[in-house]
Each structure stands twice: as C-alpha cells, then as structure tokens.
Asker: 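Take this structure first; my questions come after.
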Amino acid sequence: MSRFFMKSSWGSDDPTRAAMVFGHGNALAKAGHEVRIFLLGEAALLAKAVVRESLVPVGWPALAEQARESVGLGISIDVCDACRLARGVTDEDVAAFGARIGTPDTFVAGVVWADKVIAE
C-alpha cells in the first residue's frame, strides 16, 4: 500500500472542490492506503464548524460528513497555522475539527513521508 499526502486550498468559495480532498482521501484510506491531508489558504476555514457544516458539494455528501469520516478513518489533518490565523480560525476550532496545526516543517515532513503527493 502507498502513503498519500494531499493538500488543498479550496474553501467555502467552491464547496465541491473543497470536499474533494476528503472524499478522495477517504476512498484511499478505505482501500488500505495511509493518508495525510494539509489544508492551506481558504481551506483553513474548513476547520471552523460553522463553515464546514454549511457546505454541500454538488453530487457528494455534505462536507462535514466527509470530514468526520476522514477523522474516523484515522486520516491526519493539518491546518496551516499562518493561513488559519489570518482567517480567524482558533486553536479550539482546529482541535474540535480533530486536526492539528500545520507548519512549513509539517508540510515538508508530509511531502517527504509520502510515496505520492496530490494537490486538490
């Protein structure tokens, strides 16, 4: 099995694209692969429950449902620290999301760890 590092910068401006990193990550995890997700830019807003709960992508389950499944599947989710601070995402938001605060070092570590990198 492979290790996938997935990064996404899609947020509330495009719910369908924002959901893809979770849907695709979940499919990979269910197939037995290891997956890590790094959210940056507008995707950092997905750590806020009010945002996550309001997004319904076209043709996919609700974003919040997919994100909960990702956490349940053991997918590690990092939220870019600088990106989240610029958007008012708190430490509490990140923790309640089941994620951790990501840094340039954790981004690099994820890329180095991975067999494959996917940018959504």
Side-chain angles (χ1 to χ4, degrees):
M1 292 292 144
S2 296
R3 296 182 296 204
F4 289 85
F5 182 75
M6 305 178 75
K7 77 135 191 108
S8 178
S9 60
W10 293 103
S12 61
D13 55 327
D14 193 327
T16 302
R17 286 183 173 152
M20 287 182 182
V21 72
F22 300 108
H24 293 152
N26 294 348
L28 288 164
K30 288 176 185 177
H33 301 287
E34 290 184 67
V35 180
R36 292 184 187 176
I37 292 174
F38 196 98
L39 301 176
L40 65 155
E42 291 304 305
L45 281 170
L46 302 177
K48 292 185 83 62
V50 68
V51 174
R52 206 170 46 253
E53 296 291 336
S54 69
L55 298 179
V56 180
V58 176
W60 292 62
L63 190 139
E65 179 184 332
Q66 291 185 67
R68 280 191 294 276
E69 184 176 17
S70 294
V71 171
L73 289 167
I75 294 174
S76 172
I77 302 171
D78 283 5
V79 180
C80 169
D81 192 33
C83 303
R84 64 124 189 153
L85 289 172
R87 290 163 178 82
V89 177
T90 66
D91 292 356
E92 293 78 17
D93 292 326
V94 174
F97 183 31
R100 64 185 188 169
I101 294 171
T103 65
D105 289 340
T106 62
F107 181 86
V108 170
V111 171
V112 170
W113 165 85
D115 298 315
K116 297 173 173 112
V117 177
I118 298 174
E120 293 273 26

Asker: Could you check whether the rings of Phe5 and Phe38 sit parallel, tilted or perpendicular, using 30° and 60° as the cut-offs?
Answerer: tilted

Asker: Going only through I, L, V, M, F, W and Y residues with side-chain contacts under 4.5 Å, is there a path from Val50 to Phe97?
Answerer: yes

Asker: Would you give the length of the straight line joining atom CG of Asn26 to atom CD1 of Ile37, rounded to the nearest 0.5 angstrom?
Answerer: 7.0 Å

Asker: To the nearest 0.5 Å, tell me how far Glu65 CD sits from Glu53 CD.
Answerer: 10.5 Å

Asker: Please determine whether side chain to side chain contact (heavy atoms under 4.5 Å, CB included) holds for the pair Thr103 and Thr106, giving the CA-CA distance in whole Å, both sets of side-chain angles, and the decisive distance to 0.1 Å.
Answerer: CA-CA 5 Å; Thr103 65; Thr106 62; 3.6 Å; yes

Asker: What pair of heavy atoms forms the shortest contact from Ala18 to Gly11, and how long is it?
Answerer: CB-O, 3.4 Å

Asker: Are Val71 and Leu45 co-members of a hydrophobic cluster defined by side-chain heavy atoms under 4.5 Å apart?
Answerer: yes

Asker: Got a second to check how far Asp105's CG is from Asp81's CG, nearest 0.5 Å?
Answerer: 11.5 Å

Asker: Closest approach of Val89 and Ala44, non-hydrogen atoms and distance?
Answerer: CG2-O, 3.6 Å

Asker: Do the side chain of Gln66 and the main chain of Gly23 share a donor and acceptor less than 3.5 angstrom apart?
Answerer: yes

Asker: Keeping Arg17 on the side-chain end and Glu120 on the backbone end, is there a donor-acceptor pair under 3.5 Å?
Answerer: no

Asker: Looking at every heavy atom in both Arg87 and Gly41, which two are closest together, and how far apart are they?
Answerer: NE-O, 3.3 Å

Asker: Report yes if the side chains of Glu69 and Pro61 come closer than 4.5 Å at any heavy-atom pair, otherwise no.
Answerer: no

Asker: Are Phe4 and Leu39 connected, step by step, through hydrophobic side chains (Ile, Leu, Val, Met, Phe, Trp, Tyr) whose heavy atoms are closer than 4.5 Å?
Answerer: yes

Asker: If you round to the nearest 0.5 Å, how far is OG1 of Thr16 from CG of Leu63?
Answerer: 9.5 Å

Asker: What I want to find out is whether Lys7 reaches Asp78 closely enough, with some N-O distance under 4.0 Å, to be called a salt bridge.
Answerer: no

Asker: Side-chain heavy atoms nearer than 4.5 Å, only ILVMFWY residues, links allowed to pass through others: does that put Val117 and Leu40 together?
Answerer: yes

Asker: So which atom in Met1 and which in Asp115 form the shortest heavy-atom distance, rounded to 0.1 Å?
Answerer: O-OD2, 4.3 Å

Asker: Would you give the length of the straight line joining atom CD1 of Ile118 to atom CE of Met20, rounded to the nearest 0.5 angstrom?
Answerer: 12.5 Å

Asker: How far apart are the closest heavy atoms of Pro57 and Ala19, and which atoms are they?
Answerer: CG-CB, 3.6 Å

Asker: Given Ile75 and Leu28, is the side chain to side chain contact (heavy atoms under 4.5 Å, CB included) satisfied, shown in steps?
Answerer: CA-CA 10 Å; Ile75 294 174; Leu28 288 164; over 6 Å; no

Asker: Minimum heavy-atom separation for Arg100 and Val94, please, with both atom names.
Answerer: C-CG1, 3.6 Å

Asker: Find the distance between CG (Leu73) and CZ (Phe22) and round it off to the nearest 0.5 Å.
Answerer: 12.5 Å

Asker: Report the C-alpha separation of Arg36 and Arg3 in whole Å, then their side-chain angles, then the decisive distance to 0.1 Å, and conclude whether the side chain to side chain contact (heavy atoms under 4.5 Å, CB included) test is met.
Answerer: CA-CA 8 Å; Arg36 292 184 187 176; Arg3 296 182 296 204; over 6 Å; no

Asker: Does Ile77 belong to the same Ile/Leu/Val/Met/Phe/Trp/Tyr cluster as Trp113, with side-chain heavy atoms less than 4.5 Å apart forming each link?
Answerer: no

Asker: Tell me, do Ser12 and Leu55 make a side-chain contact under 4.5 Å, heavy atoms counted?
Answerer: yes

